[in-house]
Every structure is written in structure tokens, then in C-alpha cells.
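Residue numbers start at 1 and run along the sequence shown.
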Amino acid sequence: MGKRMIRVRFAPSPTGPLHMGGMRTALFNFLFARQNNGVFVLRIEDTDQARYVKGAEQYIIDSLEWCNISVDEGFHVGGDYGPYRQSERKSIYRKYAEKLVLAGKAYIAFDTQDDLEKIRKNYERSGETFNYGVYTREGMKNSLSLPENETQQRIESEEPYVIRFKIPENVGLAFSDIIRGMVNVNTSTLDDKILFKSDGMPTYHLANVVDDYLMKISHVIRGEEWLPSLPLHILLYQAFGWENDMPEFAHMPLTLKPDGKGKLSKREGDRMGFPVFPLEWTNPVTGEKSSGYRESGYFPEAFVNILAFLGWNPGTSQEIFSMEELIRTFSLERVVKAGSRFDPDKAKWYNHQYLQKKSNAELATRYLEILNEKGVSAGRESVEKIIGLIKNRANFIEDFWEQSSFFFIPPVEYDQKTVMKRWKGNTPQILEKLKRFIAGIDDFTSANCEKMVKEWIEENKLAVGEVMNPFRLVIVGAAMGPHLFDIIGILGKEETLGRIEAGLKKIRIPL
């Protein structure tokens, strides 16, 4: 038997925006496929039509494209194993469900929701939990307990029914998970799950197994929340006689809140001020907006890096990985079992690292747009110089304005704490002299201004602080910003002199 072709799938439900935990599932599948020259399939699991949300499918496509996760087969790109939406495969599932009924591996059940609710309540009154399965199925309304002719009569009269899987009694199941190792389960703890619903749609369990088999999926890499379903899925492979074609399984850890207590949710993100979705999402019914990483100023490369480290560790001290490096380095064996805590500050740190790697020219394109939105006109060349001075202080391009607004707009107010601390009785006289001296400098480059002003300070037997601190205050408006001579080198002589003059007129020490 030849080596099996690596085929993995990302199978989200279009019930709303894609959580970053879902994006991590997509990324890990994609990395595994690319590393093994395999195929990455996008399948839409929309069996629950009641929860379908308009726009969710396009959101999935847009999110993957933004992260540079390319799809080989899917509902929007085609492929040899379509259709890739489960709602378009309805006829396939019924056939397989009925096959199990004929083989005695599944059965038809007529119990209504009211019937089941009454039984559950009776069990609860006795302090027990009802489980539709090995020990209760014979007492229920189904094809195992009813005479064959009555079952047939009910079907012919179009009485609603479901198809349930018949869990084998007291069988020990041992199976391997790439991340979790060996897992052991006794079938008597499992219930007879519904495989086919009365509305003509399969449940996740049947559709998932049938699709993975027909699409020749070699590895199922999914979230930890599906681990309890794995015994049923393995029993379904066995019931169909597909054991030799069963994929290998890997269940990834949960993405946890920053405090490690519970699964990361939109509520937690809203409370702490960080996104949990890759892109901004607008609820089509309520109009409510949810923030996204893209709109919050994150670079897609940084977001991918953040996702990669949610549960995976390369085993080295390297923290910044390009997509190509991730493809080379990633392995399921280095994914941890324990839940992975999300750190919002670390997420910003990643974006900061990628910001520093970007050229000033690339960053200037976006910053010029921001300046234009603020009604500020500036030349590209000077904006690139300014970015070079401030970008090491920023996590996002949107931070640039806070770090550099004084380059474009002279101060109209002066930080009072700095005034109280730095503006002394002799400060106006010192700055008047400095202004006259600066007016005589012809070569107004940063380096020359610094050399000449420092020599002037020394010749006048002044302390550096008593000159430079108020000098910065009149130029910037506060005790902030990059190297002061770099600032005035960009502002130019005329603007610098104007700001000193304005500061001398406006700044007064409160009595």
C-alpha cells in the first residue's frame, strides 16, 4: 500500500464571525498540509440551517485571505470532491443513514420532544440523568421496541422520526490522538446519538464522518471540544467498514482567557478591550459591531504569529516566524495538551515587532491616509523621516499620530506638570538668547544644530537640563518625543524660532 496523500479540512459553521480559535484551527491545518505537500480543503458545515447567518460564509473567505491561508478545494474554488457545502449534500447522507439501519447499526426513533422532556424530568426527580442508549432504548418509541409492521405503518403515515446510532454494549474502545496520546472509553457510557434529523438534514456526527471519508481526509485537526465526540466517530467508521480509511485525529487545546479561567469569548474581549475576531463583524440582524484584528491595526503576519503560539511551541527561543518558517517548523507533536492562555499584551508586542520590520516608505502610505483624514497636508519625504524617528515607540500605525502630531501642528497648550517642573524664573531669558543664537545657524541639519547648541550651552556656562528641557517644551508642548535636534531638523529654522517665540508668550508659571 502506497503512502497516503495528506488531505486536511477546515470545516466551520456559518453561524457568525470566525473566532480566533477557529482561525487557529484553520492555520494549523494549513501549515500541516503545506509542510506535507498536501491539500487544504474548506468545507462549510451548515447542517443546522436554523443558525445560518447571512454573510458568514464570505467572512470566512475574507478572513482566510487576509491571513494568507490559501484554499486548495472549497465551495468558492471548486474541486474534485464537491459539493463543499453540507446543505448541498443532503441526498448523500440519507443513503448512508439508511445503510446503517439495514445493517442493524442504527434504528428509527419516533419519540417527540415532549416525550423526551417528560422522561428527563422523571429521571431528574429521582436524582438521575436520562441517557437514551443501551439501557433505555428498549423502553422508547423506536424500531427496536415496536413491532416491525407498526414501525412501517408510522413511516408510511409520514410520522416524523429520527435515525439514531445503536451504540454497542460494553465495548472497550482504545484510540490514539496525535496530541493527547492514547484515549480509552467504554461504550456503555455513550448515548445513542441522532444521526439523521426529522427535517431531512444529518447531524454533525454523520455528515462529518461521511464527508471526511468521501473527501479522503487523512488527518482531522480540530478543537478540543470535539474530543468527546471522537468515540462515536470511530464507531461510525467501524460500522461502515471504513476502519482502514479512518483519518488520524489531533485535538487542539482550548484558547483560554488572559487569566486562564475559561474559554476566550467575545464578552471577555469587549471587557478587556481587545478583539477576538480576525475582521470586524456587523451582526446582520441587530447591527451590532464586533471589533477585528485587521481594523484594530494588526498586520496579518503578526496575527498569524499570535495564532501559531496559541498552543504550539517550536522548542527554541525564536518567537517571530514568517509563514514560510512556520510551514517548515510546525509539528502537531509540539502542540500542547493544556489550554493556551491568550495574552493581549503579547499580541501587541508581536505587532510592534512587525511594525519595526516594515520600511518607512510602506508605513508612510498608510500614515499619509490618516493625516489626510485629519486634514493635515504633509510631504511623503518628511513623513518617512518622521516615521523613522517614532516607530520604535509605536505598536500600531494608528499610534503614530499620538507620537508625532507636534511635527504637523504647533503646540497650543503646554503640559502643566512639565511647566511646573522645568520652567524656572530665568528660563525666558535663556530661551530668548537661544532663539537669537539659533537664528544665526545656517546649516540647520540635526547634527549641526546639536553640535552648535551644545557648544553654546558650554560657552554660556549653563546646565544642559535648564536649556534642553524648556526648549523641548516650547517645541513639542510636553516632555515627550524623539531626539529634539532630529525634531527641529525636520521642522526647519523658521518653524523652530516661531515655536520658541509662541512658548515665551504663552507659558506662565502659575502663582
Side-chain angles (χ1 to χ4, degrees), residues 6-36 38-46 56-57 59-75 84 86 177-180 204 207-209 211-212 215 217-230 233 247-256 263-266 269 275-279 281 292-293 300 303-313 321 323 326-327 330-342 347:
I6 299 297
R7 289 177 58 82
V8 299
R9 49 55 166 196
F10 175 51
S13 298
T15 54
L18 202 52
H19 188 277
M20 62 190 295
M23 283 303 298
R24 180 192 62 170
T25 299
L27 176 65
F28 284 17
N29 274 281
F30 173 77
L31 295 175
F32 186 76
R34 290 290 171 270
Q35 189 179 73
N36 293 283
V39 175
F40 176 65
V41 178
L42 174 61
R43 186 172 76 217
I44 295 296
E45 301 206 333
D46 57 349
E57 283 186 5
Y59 182 93
I60 292 163
I61 295 169
D62 294 344
S63 299
L64 293 173
E65 284 181 354
W66 181 62
C67 291
N68 200 25
I69 296 173
S70 53
V71 174
D72 301 311
E73 294 176 25
F75 69 97
Y84 293 92
Q86 287 186 336
D177 184 280
I178 295 169
I179 294 168
R180 287 156 202 287
Y204 168 81
N208 176 276
V209 167
D211 285 347
D212 285 347
M215 293 181 183
I217 300 301
S218 65
H219 292 75
V220 170
I221 304 164
R222 59 188 178 188
E224 183 185 271
E225 62 270 26
W226 295 112
L227 190 59
S229 302
L230 186 54
H233 297 173
E248 291 186 58
F249 292 92
H251 288 84
M252 297 181 301
L254 291 174
T255 304
L256 303 176
K263 192 175 175 182
L264 183 67
S265 66
K266 176 186 177 298
V276 297
F277 304 125
L279 315 179
W281 167 259
Y293 276 85
F303 182 60
V304 164
N305 221 139
I306 293 162
L307 294 178
F309 274 80
L310 284 174
W312 173 77
N313 186 318
F321 285 80
M323 187 69 92
L326 284 172
I327 289 167
F330 179 78
S331 75
L332 289 171
E333 286 72 22
R334 294 207 66 87
V335 176
V336 297
K337 294 179 195 176
S340 179
R341 186 161 29 176
F342 173 68

Colleague: Check Ala338 against Pro253 and note the closest heavy-atom contact, atom names and distance.
Modeller: O-CB, 2.9 Å
Colleague: State the CG-CZ distance between Leu279 and Phe303, to the nearest 0.5 angstrom.
Modeller: 8.0 Å
Colleague: Look only at the side chain of Asp177 and the backbone of Ile179, and say whether a donor-acceptor pair between them is shorter than 3.5 Å.
Modeller: yes
Colleague: One pair to check against side chain to side chain donor-acceptor pair (under 3.5 Å): Ser340 and Arg24. What are the steps and the verdict?
Modeller: CA-CA 12 Å; Ser340 179; Arg24 180 192 62 170; 5.1 Å; no
Colleague: Side-chain contact test, heavy atoms from C-beta onward, threshold under 4.5 Å: evaluate it for Ser70 versus Phe30 and give yes or no.
Modeller: yes
Colleague: Once rounded to the nearest 0.5 Å, what's the spacing between atom CD of Glu57 and atom CD1 of Ile44?
Modeller: 5.0 Å
Colleague: Establish, yes or no, whether a centroid distance under 6.0 Å links the rings of Phe277 and Tyr293.
Modeller: no
Colleague: Any chance the side chains of Thr255 and Arg341 put a donor and an acceptor closer than 3.5 Å?
Modeller: no
Colleague: Tell me, yes or no, whether the heavy-atom count around Asn68 atom CG, taken from other residues, nucleotides or ligands under 6.0 Å, exceeds 12.
Modeller: no
Colleague: So does Val41 get a backbone contact from the side chain of Glu73, meaning a donor-acceptor N/O pair under 3.5 Å?
Modeller: no
Colleague: Nearest 0.5 angstrom please: Ile61 CD1 to Ile69 CD1, how far?
Modeller: 13.5 Å
Colleague: Supply the atom-to-atom distance Ser63 OG to Leu18 CG, rounded to the nearest 0.5 angstrom.
Modeller: 5.5 Å
Colleague: Is Arg43 reaching over with its side chain to a backbone N or O of Phe10, donor-acceptor style, under 3.5 angstrom?
Modeller: no
Colleague: Rounded to the nearest 0.5 Å, how far does CG of Leu64 lie from CE of Met23?
Modeller: 5.0 Å
Colleague: Can you check whether Leu27 reaches Met323 side chain to side chain, under 4.5 Å on heavy atoms?
Modeller: yes
Colleague: Could you walk me through whether Leu326 and Gln35 pass side-chain contact (heavy atoms from CB on, under 4.5 Å), step by step?
Modeller: CA-CA 9 Å; Leu326 284 172; Gln35 189 179 73; over 6 Å; no
Colleague: Check whether Ser13 reaches the backbone of Asp46 with its side chain - one donor and one acceptor, N or O, closer than 3.5 Å.
Modeller: no
Colleague: Indicate the atoms forming the closest heavy-atom contact of Ile6 with Ala33, along with that distance.
Modeller: CG2-CA, 4.5 Å
Colleague: Give the C-alpha distance, both sets of side-chain angles, the deciding distance and a yes or no for side-chain contact (heavy atoms from CB on, under 4.5 Å) between Met252 and Leu332.
Modeller: CA-CA 9 Å; Met252 297 181 301; Leu332 289 171; 5.7 Å; no
Colleague: Can you name the nearest heavy-atom pair linking Glu224 to Lys337, along with the distance?
Modeller: OE1-O, 3.8 Å
Colleague: Measure across Pro300 and Cys67 and return the closest heavy-atom pair with its distance rounded to 0.1 Å.
Modeller: CB-CA, 4.4 Å
Colleague: Which atom names give the shortest non-hydrogen contact between Ala26 and Phe40, and what distance separates them?
Modeller: O-CE1, 3.7 Å
Colleague: What class does the angle between the rings of Phe28 and Phe330 fall in, given that below 30° is parallel, 30 to 60° is tilted and above 60° is perpendicular?
Modeller: tilted
Colleague: CG of Asp211 to CD of Glu45: how many Å apart, nearest 0.5 Å?
Modeller: 7.0 Å
Colleague: Could you report the tightest heavy-atom contact between Ile178 and Ala250, atom names first, then the distance?
Modeller: CB-CB, 4.0 Å
Colleague: Using distance alone, with no hydrogens and no angle criterion, decide if His251 and Arg180 have a side-chain donor and acceptor under 3.5 Å apart.
Modeller: no
Colleague: Is Asn29 reaching over with its side chain to a backbone N or O of Ile221, donor-acceptor style, under 3.5 angstrom?
Modeller: yes
Colleague: Between Arg9 and Val220, does the side-chain contact (heavy atoms from CB on, under 4.5 Å) criterion hold? Intermediate values first, please.
Modeller: CA-CA 7 Å; Arg9 49 55 166 196; Val220 170; 3.6 Å; yes
Colleague: Crowded around Lys266 NZ? As in, over 12 foreign heavy atoms under 6.0 Å?
Modeller: yes
Colleague: Ring centroids only, cut at 6.0 angstrom: are Tyr59 and Trp66 within range, meaning strictly under it?
Modeller: no
Colleague: Can you tell me which residue among Ile306, Leu307, Asn313, Asn305 is in a side-chain contact (heavy atoms from CB on, under 4.5 Å) with Phe309?
Modeller: Asn305
Colleague: Can you tell me if Asn208 uses its side chain to pair, donor with acceptor, with the backbone of Tyr204 under 3.5 Å?
Modeller: no
Colleague: Any chance you could lay out the side-chain contact (heavy atoms from CB on, under 4.5 Å) test for His19 and Leu264, step after step, and finish with the verdict?
Modeller: CA-CA 9 Å; His19 188 277; Leu264 183 67; 4.3 Å; yes
Colleague: Could you check, using the six-membered ring where one of them is a Trp, whether Trp226 and Phe249 have ring centers closer than 6.0 angstrom?
Modeller: no
Colleague: Please check if the side chain of Asp72 supplies one atom and the backbone of Val39 the other of a donor-acceptor pair under 3.5 Å.
Modeller: no
